[in-house]
2 protein chains.
Amino acid sequence: MGEASRPIPAPAGPGLEISTAQRIVPELLDTLRARMRILHRIRLLQPIGRRALAAEMGATERVLRAEVEFLRQQGLLTAGPAGMGLSEEGYALLDQLDPVLATLEGRTELAASLSRALGIARVTVVVGDSDEEPWVKDTLGLQAASLLREELTSGDVVAVTGGTTMATLARMMPRRGTHPDVRVVPARGGLGESASVQANTIAEQLAQAIGGSHTVLHVPDRLGEDTLEHLMAEPMVEARLREIRSATVVVHGIGSALEMARRRQLSEAEVALLRERRAVAEAFGYYFDQQGQPVYAMTTAGLKLADLDGVRLVMGVAGGHSKAEAIASAARAYRMDVLVTDEAAAKRILHAQSGTRAGR
Amino acid sequence: MGEASRPIPAPAGPGLEISTAQRIVPELLDTLRARMRILHRIRLLQPIGRRALAAEMGATERVLRAEVEFLRQQGLLTAGPAGMGLSEEGYALLDQLDPVLATLEGRTELAASLSRALGIARVTVVVGDSDEEPWVKDTLGLQAASLLREELTSGDVVAVTGGTTMATLARMMPRRGTHPDVRVVPARGGLGESASVQANTIAEQLAQAIGGSHTVLHVPDRLGEDTLEHLMAEPMVEARLREIRSATVVVHGIGSALEMARRRQLSEAEVALLRERRAVAEAFGYYFDQQGQPVYAMTTAGLKLADLDGVRLVMGVAGGHSKAEAIASAARAYRMDVLVTDEAAAKRILHAQSGTRAGR
DNA sequence: ATGAGCGGGACGTATTAGGTCCCTTTGGGT
DNA sequence: ACCCAAAGGGACCTAATACGTCCCGCTCAT
């Protein structure tokens, strides 16, 4: 249940206006949404069986089966011994109908409001709450991956950060098509994450998915400043740093400051400092307060905040109601061209903004 | 089951593309068509009861009743002791959904093909066959009436011919709104029709329906040429003729030549002449052969063929498979800006054209 | 090798859709 | 002024379909 503000493909025939259709076949929208939900869920979970899907979606087996049989007959999904999966036409239909559904469910308008409130040109809002339902984060990643893929051009250097959301993005990136001229690099060196969600790992996975190349930047965590400077002076490291700082596209997750501090096992002193300076957001190793002012930075090599000015496209990806404050802060901290988030975060950001605006 | 090539009103929301909808909710498009059919039929027959309508539509009472109950609940139609009728919203919905349905059923494309084949800028194709089902002619008339109404502007002089189709047009013309500055005149004098379908009668009815004024032109049938010239020299008659020949809009039926000759009880000699000259079409007293050449003209006063050049809008209205050849002939004979016909005629014209083209 | 999970089949039940008849009311024609 | 044909609404029984549930043979990953 995808995106909201992507340009809508030109319709081949006359459009059946939703509000009109609602009037004469009200059950249409319910059926449409139900079937879209199934297709969408299958896309995320394929290959998956009837029962597992029914359990996942909270439907009974029989009724889901009826829909699935219909969708299979329509050629929108295929069923093999391993389970069901989308057909090419299923993908196409999902892409075509996603914007319609987004508008129908008000997410298009939500995205537009958020775009205005945060000053971010392109905002996409996916359905649900990443904190509540696991599949929402998958959708978030898929949506961000699709947007990224559309934006990539030959010669691009894509800098990515770590984090579970970015890991999801890499995992959900469609495999079709290749961009051999695209290079994926980690935005910054070691930040104390576990291996599977490190920027290096994600850069590698993403490069593999899009058929491009990647570079790693091995800078151990918790180095002293002088050691770091020595390391950065190494010709090999220095060359890679130059490449990173010349990135044309930056895709990054946004974290809640204290949550990130905990995950990275920062020292008590550091946490205390973050608290004192009221840090609420974290993005590529920088911590920001509510006004978007940087209040702390991890000591590692890689992309500096100032480097963002030279970047063609800065894309932020984050969802879940717990990320609302962090997203708003990050939006104030630096230029963000694209934001991919979810309904829960979007609504919470807007409520908070209208609240503070009214309260002052 | 209306029109095909009318400009589509700007959609307020996102359009659900028909072909896409067809793919994921095909059964709902069927119910949509069924309900539209009912609304349309009620519009033509209102006020009408459940049973009469069911018989008329070839459906059983119960199933029609279920739909009608739904439509009533949706506020699209009202049910009184006298029978059911459309509500305002019903009219609005019908108008909105008509182009959608036209495309859905391929009539939009049919109209476009016909437009190309006949060189007529605007072609509208309504559903069905006027020769087979009586209500199709009503739809034809209604559609033509709606188009005419849209085109009328202040000061227009509308010349109309006789015939059952034109009589239907006058009868179906919506009563709402008035055009006090519009004058309706008969295109030509007596042509031997029975009173109810004479141009004079139709002009009067049409003027009444649109709230305009009308003029009659009483020229008896079968006059000798010299008597006719004397009559036309009468100041009163001459003034009216001048008005007629300065018409800004001409709306006319198109007839099959021999059928019209029979209805007008032409002499055997005249019929023989028509046969010899291979007349196939008749329009406002002129008879044309297959190539659109005028081969005979009724001796009466009124609009001449040449006068059509000065007319702003020439609209032809004719349907039924038996009229196919006549319509094609008329289209070649003179400039026609708008044609309103039905599926049966449209298909037959196109088949004949592709046939002759291939055969030569 | 094996078993968990897959699609497909089967079946009894619950619910809905559909055919038919009836009743009271009302509006239009005589 | 009257009357009757036709209206909408109600009722009821049957046919059909939708649904919950369990089972089976197969495949593929472990």
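To find a chain, count down the sequence lines: A is the first, B the second, and so on, and within it residues start at 1.
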How long is the line joining CG of B:L64 and P of C:dG18, in whole Å?
11 Å

After noting the C-alpha distance and the side-chain angles of A:E105 and A:R37, does the key distance pass the salt bridge (charged side-chain N to carboxylate O under 4.0 Å, His left out) rule?
CA-CA 13 Å; A:E105 296 177 347; A:R37 241 171 66 91; over 6 Å; no

Give the C-alpha distance, both sets of side-chain angles, the deciding distance and a yes or no for side chain to side chain contact (heavy atoms under 4.5 Å, CB included) between A:D129 and A:V136.
CA-CA 6 Å; A:D129 186 342; A:V136 175; 5.6 Å; no

Nearest 0.5 Å, please: how far is CD1 in A:I24 from CZ in B:R35?
7.0 Å

About how many Å separate CD1 of B:I38 and CG of B:L64, when rounded to the nearest 0.5 Å?
4.5 Å

Yes or no on side chain to side chain contact (heavy atoms under 4.5 Å, CB included) for A:E193 and A:R263, after CA distance, side-chain angles and deciding distance?
CA-CA 7 Å; A:E193 308 259 11; A:R263 198 196 295 171; 3.6 Å; yes

How large an angle, rounded to 10°, do the end axes of the helix from C:dA1-D:dT30 to C:dT30-D:dA1 enclose when each is built from five base pairs?
30°

Whole-Å gap separating P (C:dG19) and CD (B:E67)
12 Å

Pick one: which of B:L94, B:V68, B:I42, B:L39 meets side-chain contact (heavy atoms from CB on, under 4.5 Å) with B:L76?
B:L39

Steps toward salt bridge (charged side-chain N to carboxylate O under 4.0 Å, His left out) verdict (B:R107, B:E343)
CA-CA 7 Å; B:R107 296 202 313 278; B:E343 266 186 303; 5.4 Å; no

Mind calculating the distance between CD (B:E69) and C1' (D:dA11) to the nearest angstrom?
13 Å

Could you tell me the separation between the CE atom of A:M84 and the C1' atom of C:dG7, rounded to a whole number of Å?
9 Å

Atom CZ of A:R72 and atom P of C:dG9 are separated, to the nearest Å, by 9 Å

Which letters describe nucleotides 17-24 of chain D, given B = protein heavy atom under 4.0 Å from base, S = only from sugar-phosphate, - = neither?
--BBBBB-

Taking the side chain of B:A79 as heavy atoms from C-beta outward, which of C:dC6, D:dC28, D:dG9 is closest to it?
D:dG9

Round to a whole Å and report the spacing from CG of A:L45 to C1' of C:dC6.
15 Å

Within the 4.5 Å heavy-atom criterion, are B:Q143 and B:V317 side-chain neighbours or not?
no

Please evaluate residues B:D131 and B:D342 with respect to the criterion side chain to side chain contact (heavy atoms under 4.5 Å, CB included), reporting the C-alpha separation (whole Å), side-chain torsions for both, the decisive distance (0.1 Å), and the verdict.
CA-CA 10 Å; B:D131 293 338; B:D342 62 23; over 6 Å; no

Nearest-angstrom distance from the residue atom CG of A:L71 to C1' of C:dG7
15 Å

Take the protein atom CD of A:Q46 and the nucleotide atom P of C:dG5, then report the distance between them rounded to whole Å.
19 Å

